[in-house]
Amino acid sequence: MPLAALGPAAVPLWRMAPRLDWRRGPEEHRSIGASGSRHESRIAGRGGVAVLLRRAPRARRRWLAIALAGGARLRAVAAAGGIMDHEKLLVSDGAWHRGQRQRVPFETACYYTHETELPFGCQYSRSRSEEWRGDSQRALERDILMALFRNTGGETGSWRATDNWNAETDPCWDHWYGVTCNEHGYVIALELADNGLVGELPANLGELRYLVKLDLSTTAPDFHSHPNVYRNRLIGALPSFVEATRIEEIEVSGNELASLPDDLWKNGPTLRMLSANHNRLTSFPLFMRRFTKMHTLELAHNEIADDFPSDIGGMSNARFVHLQYNRMRGAIGNNIRGLTRIRVLDLSHNPDLGGVIPEDIIVEWKEADYISILNTSLTGYLSALCLDVSYCWRFMYDTHQDLTWATAADVPDSVAQTIAMALEASAVAGA
C-alpha cells in the first residue's frame, strides 16, 4: 500500500526519524552503534517499528500503523533504477537525494533552472538563440555526438534509431534518441544499447564532462534463436574518461573492444559499474585498488591474460565481480580478503589461475551468496569443497555455523566454561 494513498499525514515519514538512514539494514545500524547516533542504533532490529511508532507525532501514528498493516515496508525496498547505496532506499538524511540532482533530466528541470539563457523557463525558441548555442561546452558536446554518429554508421543507415540526430538541432531540446541532458543542457547519459553502432568511438568521447552513464552494449547476440541484427560492434580502444569526473556507469558489453583506457583508475572516486563482458580485452584496468566505489565489475568472456590483480582487495565496496572465461594466470593472494562486501565472485574457467583462497573469507565475507572456481587450479580447503561445482553457495562451505571457524569473541562463555570443567574433571580422574 503506497503511503501517499493514505493521505498527507502518512507521507512525510522522514520527519519522524530524521537521523535514520533506511538504506541500511538492521545489522548495518548495529555496526554504527559507537560512531552513529543513539537513535540510529535503538531504531534498528525488531523493535525498530515500535520505536518509530512511539516517536511519531500522535496525529500521524494512526496513519503509519494503517500503512504498515497494509503491507508498507520499512526496509529492503528495491530501487527504481540505477545502482543504489546498500541497494536499498526508503528514507535518508537527504544526502543521497541531493546527489541525484545531477541525474534530473533537462525537460524536467528547465521549469525551475536558473540558467541565464532560459529567463522564461522551457521556451523552445531559446534553443535557437545565440546565447544557448554559443556556449562552448554545449557546442563541443554537439560536435562529439555528431562524430559518434558519423564514426559508427549513423549516416549510412546502420543505426536502428536515429530520432532527431541532426547537427542543426539541439540534443536536449530536440530529444536526440538515447541522449539525456541535465538542467544546464549538458549530456549526462548516452544510452544506445542494441542500436547497430559499428566502428570506433571518437577519441574525445570522454570530453562529455558531465556524463554519468554510458551504455553502448549489446544485450545478446540473439533472442530465442533470432539474430540480433542491431547488435553493436564497436572496435578499437575505449577512450579516456579522465575529464568525465562524474561518470558512474560504463556498460560496453557485447562489442569487440580491444582495450580499456590506461587512466581509467582516475575515475575510481566515482565509477560504480564497469561492465565489459564479451569483448576482446587482454588486460585488467590498472591500479584496481583505486576503484573504491566499484559496485559491479564484469570482465567475463574476454582474453585477459594478466596475472590475477594483487590489489583487487582495495575494491572494498564491490558486490559483484565476474572474471570468468579468461586466461588469468598467477596466484590469488591474501589481499582478496579485502572484498568484505562481496556477494558474488566468479573466477571460473581460468585454468591457469592458482593459489589458495584464504579460509578467513568464510568468516569475513558475511554477505557472500556464492563463489565460483570451477575449472581453475586453485588449491586449499575451499577448493576441496567448491572446485567441482559451478556455483558454490555459502551454505556449502561455511560449515553450517558449527563454530569451526569462529573467533574467540564468537564463542559463548558457556562453551569455554564447559571445556574448563571437562579439563578439570579429567585432571581429577587422572590423579
Side-chain angles (χ1 to χ4, degrees), residues 23 79 82-87 95-96 98-103 182 186-191 201 203-217 237-253 255 257-277 279 281-300 302 304 306-323 326 328 330 332-347 365 367:
R23 292 173 296 172
I83 301 175
M84 307 284 290
D85 288 335
H86 307 302
E87 299 138 0
W96 184 89
R98 287 190 293 273
Q100 298 311 295
R101 180 164 180 168
Q102 66 180 359
R103 290 179 176 264
N182 67 5
Y186 303 131
V187 176
I188 58 173
L190 186 57
E191 300 169 280
L201 295 170
N204 62 347
L205 183 65
E207 293 182 34
L208 299 173
R209 62 180 60 182
Y210 296 92
L211 193 65
V212 175
K213 180 178 182 179
L214 176 71
D215 186 352
L216 305 177
S217 64
L238 187 69
S240 169
F241 288 93
V242 68
E243 293 190 42
T245 56
R246 303 183 182 191
I247 195 161
E248 296 181 5
E249 303 175 42
I250 297 177
E251 166 61 281
V252 291
S253 293
N255 284 283
L257 294 170
S259 63
L260 299 172
D262 290 338
D263 57 4
L264 187 62
W265 59 271
K266 294 182 179 179
N267 297 108
T270 61
L271 191 61
R272 302 200 66 201
M273 182 179 76
L274 173 61
S275 183
N277 294 327
N279 277 280
L281 304 179
T282 58
S283 60
F284 286 111
L286 298 175
F287 310 120
M288 295 187 71
R289 65 182 179 277
R290 297 296 187 95
F291 296 101
T292 54
K293 294 292 183 66
M294 187 69 75
H295 176 285
T296 301
L297 177 65
E298 297 177 331
L299 300 176
N302 277 284
I304 298 176
D306 275 352
D307 286 344
F308 188 80
S310 60
D311 58 350
I312 194 171
M315 298 194 311
S316 56
N317 285 302
R319 304 291 267 168
F320 301 93
V321 176
H322 290 269
L323 305 176
N326 277 289
M328 287 189 293
I332 287 180
N334 204 47
N335 181 267
I336 199 173
R337 291 172 55 187
L339 301 174
T340 53
R341 300 199 66 224
I342 198 73
R343 289 187 58 188
V344 171
L345 175 66
D346 196 335
L347 306 176
W365 289 7
E367 301 178 69

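The model shown is predicted, which means the values in this text are computed figures rather than measured ones.
Using a distance-only test at 3.5 Å, with no hydrogens or angles considered, a donor-acceptor pair links the side chain of Asp311 to the main chain of Met288. For Asn255 (side chain) and Leu216 (main-chain N/O), a donor-acceptor pair under 3.5 Å exists by modelled atom type. In this structure a side-chain-to-backbone donor-acceptor pair under 3.5 Å is present from Asn317 to Thr292. Panel note: side chain Asn277, backbone Ala300; a donor-acceptor pair is recorded below 3.5 Å. At distances below 3.5 Å, not a single donor-acceptor pair connects side-chain atoms of Asn302 with backbone N or O atoms of Asn326. At distances below 3.5 Å, not a single donor-acceptor pair connects side-chain atoms of Asn267 with backbone N or O atoms of Pro269.
Taking 4.5 Å as the limit, every side-chain heavy atom of Val344 sits out of range of all side-chain heavy atoms of Ile342. Between Phe291 and Leu264, the closest side-chain pair of non-hydrogen atoms falls below 4.5 Å. Residues Ile188 and Leu208 form no side-chain contact, since every pair of their non-hydrogen atoms from C-beta on lies 4.5 Å or further apart. With contacts defined as side-chain heavy-atom distances shorter than 4.5 Å, the pair Lys293/Met315 does not qualify. At least one side-chain heavy atom of Leu347 sits less than 4.5 Å from a side-chain heavy atom of Ile332.
Glu248 has no carboxylate O lying under 4.0 Å from a charged side-chain N of Lys213, or vice versa, which leaves the two without a salt bridge. Salt-bridge annotation for Arg103 and Glu249: present, with a side-chain N of the basic residue lying under 4.0 Å from a carboxylate O of the acidic one.
Interatomic distance, Leu299 CG to Asn279 CG, rounded to the nearest 0.5 Å: 9.5 Å. A distance of 10.0 Å separates OG1 of Thr296 from CD of Glu251, quoted to the nearest 0.5 Å. Between atom CD of residue Glu191 and atom OG of residue Ser217 there is a gap of 9.5 Å, rounded to the nearest 0.5 Å. Atom CG of Leu339 and atom CZ of Arg343 lie 14.5 Å apart (nearest 0.5 Å). Rounding to the nearest 0.5 Å places CD1 of Ile247 at 10.0 Å from CE of Met273. Here the CG-OG distance, from Leu281 to Ser259, works out to 7.5 Å after rounding to the nearest 0.5 Å.
Contact between Arg337 and Thr340 at its shortest, heavy atoms only, is O-CG2, 3.4 Å. Nearest heavy atom pair, residue Ile336 against residue Trp365, reads O-CZ2, 3.3 Å. In this structure, Gly314 and Asn335 approach most closely via the heavy-atom pair N-OD1, 4.0 Å. Nearest heavy atoms, Ser275 versus Ser253: OG-OG, 3.0 Å.
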Intermediate values then yes/no, side-chain contact (heavy atoms from CB on, under 4.5 Å), Phe320 and Glu298: CA-CA 8 Å; Phe320 301 93; Glu298 297 177 331; 5.6 Å; no
Test side-chain contact (heavy atoms from CB on, under 4.5 Å) applied to Leu238 and Leu201, step by step: CA-CA 7 Å; Leu238 187 69; Leu201 295 170; 3.8 Å; yes
Check against side-chain contact (heavy atoms from CB on, under 4.5 Å), Leu271 and Met294: CA-CA 6 Å; Leu271 191 61; Met294 187 69 75; 4.0 Å; yes
Verdict with reasoning, Thr270 to Thr245, per side-chain contact (heavy atoms from CB on, under 4.5 Å): CA-CA 7 Å; Thr270 61; Thr245 56; over 6 Å; no
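Listed by chain and number, the residues in a side-chain hydrogen bond (donor to acceptor under 3.5 Å, both in side chains) with Asp263 are Ser240 (sequence neighbours excluded). In this structure Glu243 satisfies the side chain to side chain contact (heavy atoms under 4.5 Å, CB included) test together with Glu207, Arg209, sequence neighbours excluded. Partners of Asp306 according to the side chain to side chain contact (heavy atoms under 4.5 Å, CB included) rule, which considers only residues two or more places apart in sequence or in another chain, are Ser283, Phe284, Ile304.
Under the 30°/60° scheme for interplanar angles, the aromatic rings of Phe287 and Trp265 are found to stand perpendicular.
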